[in-house]
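When a ligand or atom number is given, it counts from 1 through the structure's own listing order. We're numbering straight along the sequence, starting at 1.
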Amino acid sequence: MSNFYCIFVKFYVTLEMRQIAPSILSADFAHLAEEVTRINASNAAYLHVDVMDGVFVPNISFGFPIMAALKQYSTKPLDVHLMITHPERYVERFCDAGAWSVGFHLEATDDPLPILQSIHAKGVRTCLTVNPDVDVQRLFPYLEQTDMVLLMSVFAGFGGQAFIPETLDRIRLVRQEIDRRKLPTLIQVDGGINATNAGSVFDAGADILVAGHAVFRTKDPVAAIERMLA
Ligand code: DX5
Ligand code: ZN
């Protein structure tokens, strides 16, 4: 990625604070094209794509064929969240499949740096992710090397879980460190987000909120996204 492109992307994203990324995991898979098309018409900034391998998390979601289908229908950038072991084996394929960003868990690797580098080498943004039981300070050495960090506000594996309130303090800690070092790194928060808690999660310092059930398990996903942005 050229320096100019890098600066442009970060500047653009920085201007667009308080963004929503609906998680397709909670959509009706029998009507995937319609579900994606509804999000296309919304103020969502991205479409969040949860990939689970049944090993890193006790659930299996989907892989490349669904990614290809989403790419075909989505006008929103695809924000891929890998909940898999050995992410280094797959990140490049997700980049080639059209991901806007590729995230993986810090717990899933001994050395995130080469993985971040191989995603960047494809011109794709990175998102270093941690579950709620991981000390957020473990992210600090990598804040310069990743475009985003993702703080899970539930344990990765399933949609529809309740937001863990302690996440707010974890967000504040990371926000403080990013601001202290004047970094453009964005903070994503994922799990149990809804219209009631979105405001306080943004206020704690999050830039991008992922929401599954609160968007797709409602009659009007477009209105649900508006309520979270209000
Ligand atoms: C959980 C996934 C989340 C999930 C969010 O492992 O990473 O993205 O789909 O769903 P809700 O918003 O329903 O908690
Ligand atoms: Zn996710």
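Within the listing of ligand 1, atoms 11 (P), 13 (O), 14 (O) sit less than 4.0 angstrom from a heavy atom of Gly160.
Ligand 1 lies nowhere less than 4.0 angstrom from a heavy atom belonging to Arg217. Contact annotation: Val210 has at least one heavy atom less than 4.0 Å from an atom of ligand 1.
One option in Ala27, Ser153, Gly192 has a heavy atom closer to atom 14 (O) of ligand 1 than any other, and that option is Gly192. Comparing heavy-atom distances from atom 10 (O) of ligand 1 across Gly159, Ala21, Gly103 singles out Gly159 as nearest.
By the 6.0 Å contact criterion, CZ on Phe158 is enclosed, its count of non-hydrogen atoms from other residues, nucleotides or ligands being greater than 12.
The aromatic ring centroids of Tyr90 and Phe104 lie 6.0 Å or more from each other.
Residue His81 approaches the Zn ion (ligand 2) most closely through its N/O/S atom ND1.
Ion pairing between Glu177 and Arg181 holds under the 4.0 Å rule for side-chain N and carboxylate O.
For Asp50 atom OD1 and His48 atom NE2, the angle they make at the Zn ion (ligand 2) is roughly 90°, to 10 degrees.
Just one of Arg172, Arg18, Arg175 meets the salt bridge (charged side-chain N to carboxylate O under 4.0 Å, His left out) condition when paired with Asp203; it is Arg18.
Among all heavy-atom pairs drawn from Met83 and Val57, the shortest one is O-CG2, 3.8 Å.
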